[in-house]
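Beneath this line is the structure, given in structure tokens, with notes to follow.
Just so you know, ligand 1 is whichever comes first in the structure, and atom 1 is the first atom listed for that ligand.
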Amino acid sequence: MAADRIDGKAFAEKLRARVGEQAAKFEQAAGRKAGLAVVLVGEDPASQVYVRSKGKAVLAANMNGFEHRLAEDTSQEDLLALVEALNADDAVDGILVQLPLPAHLDDQAVIAAIDPDKDVDGFHIANAGRLAVGQTGFVPCTPLGCMMLLADRLGDLSGMEAVVIGRSNIVGKPMAQLLLDANATVTIAHSRTKDLAGVVRRADIVVAAVGRAEMVKADWLKPGATVIDVGINRLPAGEGEERGRLVGDVDYGPASEVASAITPVPGGVGPMTIAVLLRNTLVAAYNHAGLDQPEGL
Ligand code: GUN
């Protein structure tokens with residue numbers, strides 16, 4: 001039987017609508033809109049697309065967007081000065097510096113300069129540390145979005161076997177922390193893992209975040225597993241239908257014959273990232289304004 005398709009797009013739309021309503025209430029209570037500053041350095045085409053869609057989403061959610069586009073050859077000093085100015089700006093609740101930065105800039109130093117209370121990406125080591133020890137802080141948007149989909153689908157994850165494929169600071173590591181926090185038994189697999197297929201086959205929950213097109217095969221999955229595919233890969237330009245198609249890290253068609261539920265690409269995890277960014281920004285705004293967060297944000 002074919003797996004259920006986990007509709008991240010629909011879930012994200014509902015979350016965005018809810019955040020938008022609550023942002024309107026924030027404006028009434030605080031006397032100002034919540035504000036997100038987005039910093040883009042250089043001309044990376046994919047980053048330009050992301051930044052544009054973040055800007056539109058912020059406005060649609062009744063928040064202010066402050067976009068800062070800097071030249072490719074911006075110095076580290078100038079970028080740090082902008083981050084400092086945004087830290088000090090009371091109209092700014094959240095700061096996002098779009099990654100990757102041009103090679104001459106030190107992304108870790110830039111992230112470290114962001115006020116952790118405005119770090120809506122959850123990339124600052126203060127927030128990574130809070131997540132690691134179970135304190136409240138900002139959690140990176142993509143893994144938090146994956147957790148929302150899993151909780152919606154499965155409810156209590158206690159005792160489930162979860163395998164996260166990929167160990168990035170942005171997805172793999174925080175994803176594993178969140179699953180652990182939800183009492184799953186967690187394995188992080190990566191490029192040096194021996195018998196990856198065998199490891200994945202133990203999993204009730206598979207989160208694939210490696211960035212390799214259709215790497216996870218149907219016969220790696222335990223029948224009935226729930227599969228979250230974080231990958232967004234464009235197939236190389238070829239002939240016919242395959243040409244330039246977007247695919248995930250999981251071989252979707254065959255995998256959906258084995259899994260019980262699976263996120264599609266596109267339309268699965270992708271739309272969750274911006275929705276959670278809006279949610280994190282509103283949380284930052286409530287904290288910044290010294291107001292109690294509404295229930296269920
Ligand atoms: N580049 C790709 N994804 C992200 C993200 O979630 N946040 C930032 N800042 N940069 C990114």
Side-chain angles (χ1 to χ4, degrees), residues 8 12 15-16 19 35-58 61 65-70 72 74 79-80 82-83 86-87 92-103 105-128 131 137-149 166-175 177-178 207-211 228-234 246 248-249 265-266 268-284:
L15 177 57
R16 281 172 64 161
V19 171
L36 174 68
V38 177
V39 180
L40 173 62
V41 185
E43 310 285 331
D44 181 65
S47 291
Q48 286 180 329
V49 172
Y50 290 139
V51 166
R52 206 172 309 129
S53 50
K54 282 167 189 166
K56 280 192 206 154
V58 164
F66 308 103
E67 211 170 282
H68 295 267
R69 288 172 179 263
L70 304 182
E72 179 85 27
T74 297
L79 180 53
L80 290 175
L82 173 60
V83 169
L86 296 173
N87 283 342
V92 172
D93 299 294
I95 301 170
L96 180 149
V97 178
Q98 185 67 29
L99 302 179
L101 289 171
L105 296 171
D106 176 353
D107 53 358
Q108 286 305 321
V110 173
I111 292 166
I114 297 172
D115 178 346
D117 294 336
K118 295 191 177 187
D119 169 39
V120 288
D121 257 332
F123 292 170
H124 193 287
I125 52 171
N127 284 315
L131 179 60
F138 288 110
V139 175
C141 302
T142 300
L144 185 53
C146 293
M147 272 315 276
M148 290 178 181
L149 296 178
R167 54 176 157 179
S168 71
N169 291 337
I170 295 179
V171 183
K173 285 181 204 166
M175 188 73 229
Q177 303 274 11
L178 288 167
V207 180
V210 269
I228 304 290
D229 189 349
V230 183
I232 302 177
N233 311 288
R234 197 171 285 284
L246 279 187
D249 291 347
V265 177
V269 173
M272 291 299 291
T273 301
I274 287 185
V276 175
L277 173 68
L278 299 172
R279 179 257 172 211
N280 282 358
T281 301
L282 192 55
V283 169

Note to self: Taking only non-hydrogen atoms of Tyr50, do any sit less than 4.0 angstrom from ligand 1?
What the structure shows: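 It does not, in that no heavy atom of Tyr50 comes within the 4.0 Å cut-off of ligand 1.
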Using only atom types and a distance under 3.5 Å, with no angle test, would you say the side chain of [X] pairs donor to acceptor with the backbone of [Y]?
| X | Y | result |
| --- | --- | --- |
| Asn87 | Asp115 | yes |
| Ser53 | Val49 | yes |
| Asn280 | Val139 | yes |
| Asp229 | Asp249 | yes |

Next item on the list: Examine Gln98 against ligand 1 and note whether any of their N/O atoms are separated by less than 3.5 Å.
Entry: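 For ligand 1, there is an N or O atom that lies under 3.5 Å from one belonging to Gln98.
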Item checked: Subset of ligand 1 atoms that lie under 4.0 Å from at least one heavy atom of Val97 ->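 Ligand 1 atoms under the 4.0 Å threshold to Val97: 8 (C), 9 (N).
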Checklist line | Under 4.0 Å to a heavy atom of Leu96 - the qualifying atoms of ligand 1, by number | finding: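 Close to Leu96: 9 (N).
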Notebook entry, point to check: Out of Asp121, Ile111, Leu99, whose heavy atom sits nearest atom 9 (N) of ligand 1?
Noted result: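 It is Asp121 whose heavy atom sits nearest to atom 9 (N) of ligand 1.
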Note to self: Tell me the closest heavy-atom pair linking Glu72 and Val41, and the distance in Å.
What the structure shows: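 Residues Glu72 and Val41, closest heavy atoms: O-CG1, 4.4 Å.
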